[in-house]
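Below: the structure, in structure tokens.
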Amino acid sequence: MPDLTLPQPPPDAPAPSPGPAETKSREKLVWLLILGIGSILGLFCIPLLTRRSHSKIDDQTATVSNLRQIGLALFEFDIEYGSYPDAATAAKLQPGTSLTLGTRSSNNFFTQLLVANITQSERMFHVRYPGSVPPDGVFDTDSTALARGECVFAYVVGGSSASPLGTPVAFGPFAPGTRHVDPGSNRGKGSILRNDNSVQSSDLDAAGNIIINGMDLLDSRQPFWYGRKPEVKWPE
């Protein structure tokens, strides 16, 4: 009977290199180990992340996100009404709502986005902030539609999608009834929504004014105001 035993390498011969299948298997094992370790670490980190969910970092992230949502809503409003909310668009919308569409505050102008069904949520106008009030989702009366404290962003009246891209449209956040950003919140910065839907976070001076180009944001010498003083409506 023939000898079917395969020839064996000498004892001192080096181990053969792993083939493609074995290499792939090892790589898969390494990734599984990495994912497993990551999952275990994640379980330990979840409580920490939960405790930090209302931290300054998260507040600032929410500020940027909400301002961008406002920017998209303003652009959609412009498509329908030819400009961002102003006194003229308030007059167009007034016959179709029981709300009184005022022009005194940013709360008033942003309410037009609710009346026009551009959004059905008050959350984009708010972030957790000293003195603010969490939105209750109720806006069927004058006293509940973006009530005092539910809006923390100032609004620059007179813009449209045709305005220069760098023009500020909204900024903040502000404690209700104030005109200065609290340096202890929002990572100590003020955030500005521009007409291209970008959001810039800038430093504050000692009084809580947003500083850009070494000047107050609202200084008429700022290049994006073209020598004109902006008409700003502040949150209630």
Side-chain angles (χ1 to χ4, degrees), residues 62-127 129 132 135 139 142 144-174 176 179 181 190-202 210 212 216-220 222-236:
T63 296
V64 171
S65 175
N66 288 2
L67 280 172
R68 284 181 174 149
Q69 289 182 60
I70 290 173
L72 293 174
L74 291 173
F75 186 78
E76 187 175 346
F77 186 94
D78 176 274
I79 293 174
E80 183 71 23
Y81 296 97
S83 73
Y84 298 151
D86 57 19
T89 57
K92 291 179 184 178
L93 290 166
Q94 188 61 76
T97 180
S98 60
L99 299 178
T100 302
L101 298 180
T103 56
R104 185 173 65 87
S105 66
S106 58
N107 304 55
N108 296 153
F109 285 97
F110 288 142
T111 295
Q112 292 188 41
L113 301 176
L114 298 168
V115 171
N117 290 316
I118 301 299
T119 180
Q120 287 298 295
S121 174
E122 298 173 312
R123 292 187 179 278
M124 70 173 68
F125 310 107
H126 178 272
V127 291
Y129 198 80
S132 65
F139 42 88
D142 288 342
T144 59
L146 279 181
R148 176 180 171 84
E150 292 183 334
C151 176
V152 298
F153 298 113
Y155 174 63
V156 182
V157 181
S160 73
S161 60
S163 300
L165 296 181
T167 306
V169 178
F171 55 96
F174 298 92
R179 299 188 178 187
V181 178
S191 297
I192 306 103
L193 170 69
R194 294 183 182 270
N195 204 41
D196 59 359
N197 212 42
S198 65
V199 176
Q200 176 184 355
S201 294
S202 295
I210 302 175
I212 296 181
D216 189 305
L217 168 67
L218 302 180
D219 194 313
S220 60
Q222 294 283 11
F224 39 74
W225 299 132
Y226 298 96
R228 299 186 297 271
K229 186 174 179 60
E231 181 182 355
V232 177
K233 298 298 180 179
W234 303 88
E236 298 176 20

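- Within the model, atoms CD1 of Ile192 and OG1 of Thr63 stand 11.5 Å from one another, a figure rounded to the nearest 0.5 Å.
- In terms of modelled atom types and a separation under 3.5 Å, the side chain of Gln94 and the main chain of Leu101 share a donor-acceptor contact.
- You'll find the side chain of Val181 reaches within 4.5 Å of the side chain of Phe174, heavy atoms only.
- Listed by chain and residue number, Ser121 satisfy the side chain to side chain contact (heavy atoms under 4.5 Å, CB included) test with Arg123 (two or more places apart in sequence, or in another chain).
- A search for side chain to side chain contact (heavy atoms under 4.5 Å, CB included) contacts involving Ala116 returns Phe77, Tyr81, Leu93, Ile118, not counting sequence neighbours.
- In this structure, the side chains of Phe224 and Pro164 stay at 4.5 Å or more apart for every pair of heavy atoms.
- Summarising the geometry, atom CZ belonging to Phe139 is positioned 14.0 Å from atom CG belonging to Asn107; distances are rounded to the nearest 0.5 Å.
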Atom pairs and distances, donor-acceptor, side-chain atoms in residues 226-236, under 3.5 Å, two or more places apart:
| unit_1 | atom_1 | unit_2 | atom_2 | d |
| --- | --- | --- | --- | --- |
| Lys233 | NZ | Thr103 | O | 3.4 |
| Glu236 | OE2 | Arg104 | NH2 | 3.4 |
| Glu236 | OE2 | Ser105 | OG | 2.6 |

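- Surrounding CZ of Phe75 are at most 12 heavy atoms belonging to other residues, nucleotides or ligands under 6.0 Å away.
- Judged as a salt bridge (Lys or Arg N to Asp or Glu O under 4.0 Å), and not counting sequence neighbours, the contacts of Asp219 are Arg221.
- Looking at every heavy atom in both residues, Leu67 comes nearest to Asn197 through O-OD1, 4.4 Å.
- Closest of all the heavy-atom pairs between Asp142 and Ser98 is OD1-O, 4.5 Å.
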### Message
Set out, in order, the CA-CA distance, both residues' side-chain angles and the distance that settles side chain to side chain contact (heavy atoms under 4.5 Å, CB included) for Phe109 and Leu74, then state yes or no.
### Response
CA-CA 11 Å; Phe109 285 97; Leu74 291 173; over 6 Å; no
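- The main-chain N or O of Leu146 is found under 3.5 Å from a side-chain atom of Glu122 such that the two form a donor-acceptor pair.
- Taking 4.5 Å as the limit, every side-chain heavy atom of Gln69 sits out of range of all side-chain heavy atoms of Thr119.
- Counting heavy atoms from C-beta on, the side chains of Pro173 and Phe153 come closer than 4.5 Å.
- In this structure a side-chain-to-backbone donor-acceptor pair under 3.5 Å is present from Trp225 to Leu217.
- Contacts classified as salt bridge (charged side-chain N to carboxylate O under 4.0 Å, His left out) and involving residues 84-97 (residues at least two apart or in different chains) are not found.
- When all heavy atoms are compared, the tightest approach of Ser83 to Thr89 is OG-CG2, 3.6 Å.
- When all heavy atoms of Ala145 and Leu99 are compared, the closest pair comes out as CB-CD1, 3.9 Å.
- Nearest approach of Ser132 to Val127, heavy atoms of both residues: OG-O, 3.6 Å.
- Separation of atoms CD1 (Ile70) and CE (Met124) is listed at 7.0 Å; rounding is to 0.5 Å.
- Using a distance-only test at 3.5 Å, with no hydrogens or angles considered, no donor-acceptor pair links the side chain of Asn195 to the main chain of Val169.
- If you take OG on Ser202 and CD1 on Ile212, they are separated by 4.0 Å, rounding to the nearest 0.5 Å.
- Pairing each heavy atom of Tyr155 with each of Pro85, the nearest pair is OH-O, 2.7 Å.
- Taking 4.5 Å as the limit, every side-chain heavy atom of Glu76 sits out of range of all side-chain heavy atoms of Leu72.
- Within the structure, side-chain hydrogen bond (donor to acceptor under 3.5 Å, both in side chains) contacts touching residues 156-173 (residues at least two apart or in different chains) are Asp78-Ser161.
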